[in-house]
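All residue numbers refer to positions in the sequence shown, counting from 1. All values derive from a computational prediction rather than experimental measurement.
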Amino acid sequence: MTYDLASLRAQIPALAAGTAHFDGPGGTQTPRPVIEAVSDALTRPLSIRGDGLPGERHAEDIVVGTRRALADLLGADPRGIVFGRSATQLTYDFSRTLAAQWAPGDEVVVTRLDHDANIRPWVQAAERAGATVRWADFDPATGELTADHVRAVLSERTRLVAVTAASNLIGTRPAVAEIARSVHEAGALFYVDGVHATAHGTVDVERLGADFWVCSPYKFLGPHLGVLAARPELLESLRPDKLLPSTDAVPERFELGTLPYEVLAGARAAVHFLADLSPEPSGSLRERLVAAFAAIEEHEDLLRHRVEKALAEFEEVTLYSRAAERTPTLLVTFEGHSTVDAYRFLAQRGVHAPSGSFYALEASRRLGLGDTGGLRIGLAPYTDAGDVDRLLEGLSAFLRRTV
């Protein structure tokens, strides 16, 4: 499959600084077309949405076009795309709205694998409603979170289950569709954190069975923004707090205040940029996105296998990313060496591989790493063999040095 990596890298100005970026799970670098889309939105007339003056029409075109683009990316209905400041903010908003329907004795399921943004909002909302929180575990030896782990804590009182589609800490990709079937058989709603997963593969929220799917465009070459996808009819059934004069239409009833039009324009451009990575130049936006992510996955997996093979040769390295299905995201620790020291050593060599638990606090603790976590190596669509060379050479030098 053809993948024009050189052309891709040439369109990302930040890479000219020379850093080898393995920090993609925390946020990717931005292509020039995305930057230009933000600039273009701000340099043309821009007003509150409407159909009269040029600025009004410009704003309307941005919002409508971005909903369509994100719907194509996620396999969703544009009428079910909600924008927010971040995935965390959207999850807090929806946790408060959904919890208004809960009562003492109801149950909410969260997992030990998730980012805290898909744990704490539900835990806090449950506490306020008097509902019970039940925890789905994962296997720390394999990194696997299975449908059986979730089924073990479901009951007729379960009202909502929150699960990640991919761990931002160790890359595990749970069997989301299988989990969804069990959740729906229990009569509960299924809220999926797709922030990490959306950056690394094709998403189809209908096929996966997610009632809610949240993601963040800055994880897939776009600007900082939160996006939630849900069925329009489900959104129609929910009554969030809102200002009296603001519209009650879906999805706008969930979007508080004026939208950041320039950021939306950048998110739309990011989706089109990803589609342009497709080795198949023809087809619908959705078809080109599916082909592009197939090429991206192939590229990232080739590099991941190379990094994993090299890491296996270091006796001091423990790799925690072990699930059969996982993103190109590796968490490691070093016997006798601090991962913070490794991060700083690599940084001096122009390699960015950060250390921490990355808000996946429960997962880090379950792996026996406490709140410290480990060194995270995250591959992105623009990672090349030269980046990997520098990473591996840096780690080798770090492990050889005398204390």
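For the pair Asp51 and Arg57, the salt-bridge criterion is not met [side-chain N within less than 4.0 Å of a carboxylate O]. For the pair Arg9 and Asp384, the salt-bridge criterion is met [side-chain N within less than 4.0 Å of a carboxylate O]. The residues Arg326 and Glu308 are annotated as salt-bridged, a charged nitrogen and a carboxylate oxygen being separated by less than 4.0 angstrom. With salt bridges taken as basic N to acidic carboxylate O contacts below 4.0 Å, none links Asp77 and Arg231.
Side-chain atoms of Thr158 never come within 3.5 Å of backbone atoms of Leu160 as a donor-acceptor pair (strictly under, hydrogens ignored). Side-chain N or O atoms of Thr19 include none that pairs as donor or acceptor with a backbone N or O of His21 at under 3.5 Å. Ser246 places a side-chain N or O within donor-acceptor distance of the main-chain N or O of Leu243, the cut-off being under 3.5 Å. No donor-acceptor distance shorter than 3.5 angstrom exists from the side chain of Asp301 to the backbone of Glu298, with no hydrogens or angles considered. Of the possible polar contacts, none joining the Ser39 side chain to the Ile35 backbone as a donor-acceptor pair under 3.5 Å is found. Side-chain atoms of Asp4 come within 3.5 Å of backbone atoms of Ser7 as a donor-acceptor pair (strictly under, hydrogens ignored). For Arg376 (side chain) and Gly356 (main-chain N/O), no donor-acceptor pair under 3.5 Å exists by modelled atom type. A donor-acceptor contact shorter than 3.5 Å is absent between the side chain of Arg44 and the backbone of His58. Looking only at distances, a side-chain donor or acceptor of Asn168 sits under 3.5 Å from a matching main-chain atom of Phe358. A donor-acceptor pair under 3.5 Å links the side-chain atoms of Ser237 to the main chain of Leu234, judged by distance alone.
Within the 4.5 Å cutoff, the side chain of Arg304 has no heavy atoms near those of the Arg306 side chain. Residues Thr132 and Asp106 are not in side-chain contact: their nearest non-hydrogen atoms beyond the backbone lie 4.5 Å or more apart. A heavy-atom distance below 4.5 Å is not found between the side chains of Glu335 and Glu315. The shortest distance between side-chain heavy atoms of Val109 and Trp135 does not fall below 4.5 Å. At least one side-chain heavy atom of Val176 sits less than 4.5 Å from a side-chain heavy atom of Phe190. No side-chain heavy atom of Glu56 sits less than 4.5 Å from a side-chain heavy atom of Ile48. Under the 4.5 Å side-chain criterion, counting only non-hydrogen atoms from C-beta, Tyr3 is in contact with Pro381. Inter-residue side-chain proximity for Thr202 and Leu289 is flagged as unmet; no heavy-atom pair is nearer than 4.5 Å.
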Does Phe334 form a side-chain contact (heavy atoms from CB on, under 4.5 Å) with Leu399? I'd like the steps, not just the answer.
CA-CA 8 Å; Phe334 311 103; Leu399 294 173; 3.8 Å; yes

Side chain to side chain donor-acceptor pair (under 3.5 Å) assessment of Glu107 paired with Ser155
CA-CA 8 Å; Glu107 296 177 354; Ser155 78; 2.7 Å; yes

Tyr191 vs Asp211, test: side-chain contact (heavy atoms from CB on, under 4.5 Å). Steps then yes/no.
CA-CA 6 Å; Tyr191 193 100; Asp211 295 304; over 6 Å; no

Starting from the C-alpha separation in whole Å, work towards a yes-or-no answer on ring pair (Phe, Tyr, Trp, His ring centres under 6.0 Å) for Phe83 and Phe254.
CA-CA 8 Å; Phe83 298 121; Phe254 299 92; over 10 Å; no

Steps toward side-chain contact (heavy atoms from CB on, under 4.5 Å) verdict (Val161, Leu189)
CA-CA 6 Å; Val161 177; Leu189 290 171; over 6 Å; no

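Between the CG atom in Asp72 and the CD atom in Glu287 there is a gap of 10.0 Å [rounded to 0.5 Å]. Remark: Gln89 CD to Leu256 CG distance equals 6.5 Å, nearest 0.5 Å. Here the CD1-CZ distance, from Ile62 to Arg67, works out to 12.5 Å after rounding to the nearest 0.5 Å. Put simply, CD on Glu297 and CG on Leu302 are 11.5 Å apart, with the number rounded to the nearest 0.5 Å. To the nearest 0.5 Å, the span separating CG on Asp341 from CG on Leu375 amounts to 11.0 Å. To the nearest 0.5 Å, atom OG of residue Ser396 and atom CZ of residue Arg401 are 13.0 Å apart.
For the 3.5 Å distance criterion, the side chains of Arg288 and Ser284 fail to qualify, holding no donor opposite an acceptor. For the residue pair Thr333/Tyr320, the side-chain donor-acceptor check at 3.5 Å is satisfied. Counted by atom type alone, His337 and Glu316 present zero donor-acceptor pairs between their side chains at under 3.5 Å. Of the N and O atoms on the side chains of Tyr92 and Gln124, at least one donor lies less than 3.5 Å from an acceptor on the other residue. Side chain to side chain, Ser357 and Ser364 fail the donor-acceptor criterion of an N or O pair below 3.5 Å.
Across Ile170 and Ser167, no two heavy atoms sit closer than the pair N-OG, 3.0 Å. Closest of all the heavy-atom pairs between Ala41 and Ala265 is CB-CB, 3.9 Å. Glu300 and Leu379 make their closest contact through O-CD1, 3.5 Å (heavy atoms, listed as atom of the first residue, atom of the second, distance). Between Arg268 and Ala69 the shortest heavy-atom distance is CG-CB, 4.0 Å. In terms of heavy atoms, His196 sits closest to Thr329 at NE2-OG1, 2.9 Å. Summarising the geometry of Ser47 relative to Tyr261, their closest heavy-atom pair is O-CE1, 3.5 Å, with the distance given to 0.1 Å.
For CZ of Arg68, the number of neighbouring non-hydrogen atoms (other residues, nucleotides, ligands) closer than 6.0 Å is 12 at most. Within 6.0 Å of OH in Tyr382 there are more than 12 heavy atoms belonging to other residues, nucleotides or ligands.
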N/O donor to acceptor pairs below 3.5 angstrom from side-chain atoms of residues 112-119, sequence neighbours left out:
{"from": "Arg112", "atom 1": "NH1", "to": "Glu362", "atom 2": "OE1", "distance (Å)": "3.0"}
{"from": "Asp114", "atom 1": "OD1", "to": "Thr111", "atom 2": "OG1", "distance (Å)": "2.5"}
{"from": "Asp114", "atom 1": "OD1", "to": "Thr164", "atom 2": "N", "distance (Å)": "3.2"}
{"from": "Asp114", "atom 1": "OD2", "to": "Asn118", "atom 2": "ND2", "distance (Å)": "3.0"}
{"from": "Asp114", "atom 1": "OD2", "to": "Thr164", "atom 2": "N", "distance (Å)": "2.9"}
{"from": "His115", "atom 1": "ND1", "to": "Ala117", "atom 2": "N", "distance (Å)": "2.9"}
{"from": "Asp116", "atom 1": "OD1", "to": "Arg120", "atom 2": "NE", "distance (Å)": "3.2"}
{"from": "Asp116", "atom 1": "OD1", "to": "Arg120", "atom 2": "NH2", "distance (Å)": "2.7"}
{"from": "Asp116", "atom 1": "OD2", "to": "Arg120", "atom 2": "NE", "distance (Å)": "3.2"}
{"from": "Asn118", "atom 1": "OD1", "to": "Trp122", "atom 2": "NE1", "distance (Å)": "3.0"}

For a quick test of your reading: what N or O donor-acceptor pairs under 3.5 Å do the side chains of residues 144-153 make, sequence neighbours left out?
{"from": "Glu144", "atom 1": "OE2", "to": "Ala324", "atom 2": "N", "distance (Å)": "2.8"}
{"from": "Thr146", "atom 1": "OG1", "to": "Asp148", "atom 2": "N", "distance (Å)": "3.3"}
{"from": "Thr146", "atom 1": "OG1", "to": "His149", "atom 2": "N", "distance (Å)": "3.2"}
{"from": "Thr146", "atom 1": "OG1", "to": "His149", "atom 2": "ND1", "distance (Å)": "3.0"}
{"from": "Asp148", "atom 1": "OD1", "to": "Arg151", "atom 2": "NE", "distance (Å)": "3.3"}
{"from": "Asp148", "atom 1": "OD1", "to": "Arg151", "atom 2": "NH2", "distance (Å)": "2.6"}
{"from": "His149", "atom 1": "ND1", "to": "Thr146", "atom 2": "N", "distance (Å)": "2.9"}
{"from": "Arg151", "atom 1": "NH1", "to": "Ser182", "atom 2": "OG", "distance (Å)": "2.8"}
{"from": "Arg151", "atom 1": "NH2", "to": "Glu178", "atom 2": "OE2", "distance (Å)": "3.4"}

Enumerate, atom names and distances included, each donor-acceptor pair closer than 3.5 Å involving a side-chain atom of residues 212-229, sequence neighbours excluded.
{"from": "Trp213", "atom 1": "NE1", "to": "Thr198", "atom 2": "OG1", "distance (Å)": "3.1"}
{"from": "Lys219", "atom 1": "NZ", "to": "Pro25", "atom 2": "O", "distance (Å)": "3.0"}

